[in-house]
Participant: 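Below you will find the structure I want to go over with you.
All values reported here derive from a predicted model rather than from experimental measurement. Naming convention: chains lettered A, B, ... in sequence-line order (proteins, then strands); numbering from 1 in each chain.
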Amino acid sequence: MCFAWGVNETWLGLPASAVDEAARRMLGWHLDANGVVVRLTEVEAYSGLGEDPASHAHRGRTARNEVMFGPAGHLYIYQIYGRYLCANIVCGQVGRAAAVLLRAGEVLEGLDAARERRAAARKDADLAAGPAKLMQVLALGRDANGSSVIDGTGPLTVTPPPAPAPAELIEAGPRVGVTSALDVAWRFWIKGDPTVSVYRRHVPRRRGS
DNA sequence: TATTAGATGGTT
DNA sequence: ACCATCTAATAG
């Protein structure tokens with residue numbers, strides 16, 4: 001297939017060292033799953049080269065991060081805090097284990113279903129304002145781990161918007177929830193978008209008193 | 001008074 | 001990370 005700026009000829013084929021560029025390009029993409037369409041507004045890039053201590057693949061291949069080492073365009077889903085799920089799209093080349101974490105988005109279609117799945121959201125902008133919220137809205141479970149997002153065989157399909165997000169509308173900052181590599185500004189979001197999750201510097205749980 | 005936005009503490 | 005709860009700010 002041949003998009004104006006392609007799924008498989010741009011970010012999919014980028015070297016893992018350019019995963020930050022892949023992340024930038026994914027802003028604005030549409031995520032379609034289970035009757036809900038979300039416009040991606042916030043992402044984070046992770047390199048698996050061993051130079052990125054924040055990456056799950058940093059210390060090598062394990063049962064959990066297995067799919068990160070596979071081909072690009074597949075979902076890497078992991079559980080956090082024993083309760084919530086987050087999803088990455090594997091980028092780069094086989095064996096390199098680069099990935100882009102899907103952090104937040106704006107619900108474009110399927111508002112009724114989204115509101116039902118995220119009853120706690122007070123405003124529509126909060127429906128998918130966080131990686132685990134995004135997963136709830138899209139109703140993706142652990143079984144989606146390893147599935148493809150580009151060949152139509154998986155529960156989630158990604159499609160590029162008519163045009164890439166303008167560079168002047170993309171802002172960058174340190175990634176959320178990581179204690180190392182704070183100097184690496186690999187979190188990207190669409191400037192001023194209300195669906196972007198609020199950044200809070202990671203702080204160890206407060207001591208008593 | 002009623003609604004909304006922001007901050008805090010708790011849970012897993 | 002999410003959520004319930006509280007407080008402050010705001011609107012009618």
Participant: Sorted by first residue and then second, give each side chain to side chain donor-acceptor pair (under 3.5 Å) pair with at least one member in residues 123-142 of chain A; sequence neighbours left out.
Facilitator: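 Every pair satisfying side chain to side chain donor-acceptor pair (under 3.5 Å) with a residue in residues 123-142 of chain A: A/Q79-A/R142, A/R115-A/D124.
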
Participant: Check this one for me: any side-chain N or O of A/Q136 less than 4.0 Å away from OP1 or OP2 of C/dC3?
Facilitator: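 So the side chain of A/Q136 is within the cut-off, an N or O lying under 4.0 Å from OP1 or OP2 of C/dC3.
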
Participant: Nearest-Å distance, CG (A/L127) to C1' (C/dC2)?
Facilitator: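 Spelled out: CG on A/L127 to C1' on C/dC2 is 14 Å.
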
Participant: Round to the nearest Å and state the distance from A/R117 atom CZ to C/dC2 atom P.
Facilitator: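 About 17 Å, once rounded to whole Å.
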
Participant: Can you tell me which nucleotide in C/dC2, B/dA5, C/dC3 comes closest to the side chain of A/P131?
Facilitator: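 Nucleotide nearest to A/P131's side chain: C/dC2.
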
Participant: Does NZ or CZ of A/R175 come closer than 6.0 Å to the centre of the six-membered ring of A/F188, within 45° of the ring's axis?
Facilitator: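 Cation-pi check for A/R175 and A/F188: fails.
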
Participant: What's the closest nucleotide to the A/R83 side chain, out of C/dC2, B/dA5, B/dT12?
Facilitator: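 Nearest nucleotide to the side chain: B/dT12.
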
Participant: Roughly, in whole Å, what's the span from CZ in A/R175 to C1' in C/dA1?
Facilitator: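 Checked: the CZ to C1' distance equals 17 Å.
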
Participant: Look at the side chain of A/R117 and the backbone N and O of A/V137, then say whether any donor-acceptor pair between them is shorter than 3.5 Å.
Facilitator: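 Such a contact is found between A/R117 side chain and A/V137 backbone.
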
Participant: Whole angstroms only, please: what is the CG-P distance between A/L85 and C/dA1?
Facilitator: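 Distance, rounded to whole Å: 14 Å.
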
Participant: Take the protein atom CG of A/D126 and the nucleotide atom P of B/dT3, then report the distance between them rounded to whole Å.
Facilitator: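 Computing the A/D126:CG to B/dT3:P distance gives 18 Å.
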
Participant: Would you mind reading off the distance between A/K133 atom NZ and C/dC3 atom C1', rounded to a whole angstrom?
Facilitator: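 Rounding to the nearest Å, NZ of A/K133 and C1' of C/dC3 are 9 Å apart.
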
Participant: Please tell me if A/R122 has a side-chain N or O lying less than 4.0 Å from either OP1 or OP2 of C/dA4.
Facilitator: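 Result: no.
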
Participant: My understanding is that only residues two or more places apart in sequence, or in another chain, count here; which of them pass ring pair (Phe, Tyr, Trp, His ring centres under 6.0 Å) with A/Y78?
Facilitator: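 Partners of A/Y78 by the ring pair (Phe, Tyr, Trp, His ring centres under 6.0 Å) criterion, ordered by chain and then number, come out as A/H56, A/Y76.
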
Participant: Could you check how far CG of A/L102 sits from P of C/dA1, rounded to whole Å?
Facilitator: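 Nearest whole value for this atom pair: 14 Å.
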
Participant: Check every atom of B/dT12, C/dC2, B/dA5 against the side chain of A/Y81 and return the nucleotide holding the closest atom.
Facilitator: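 Out of B/dT12, C/dC2, B/dA5, the nucleotide with an atom closest to A/Y81's side chain is B/dT12.
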
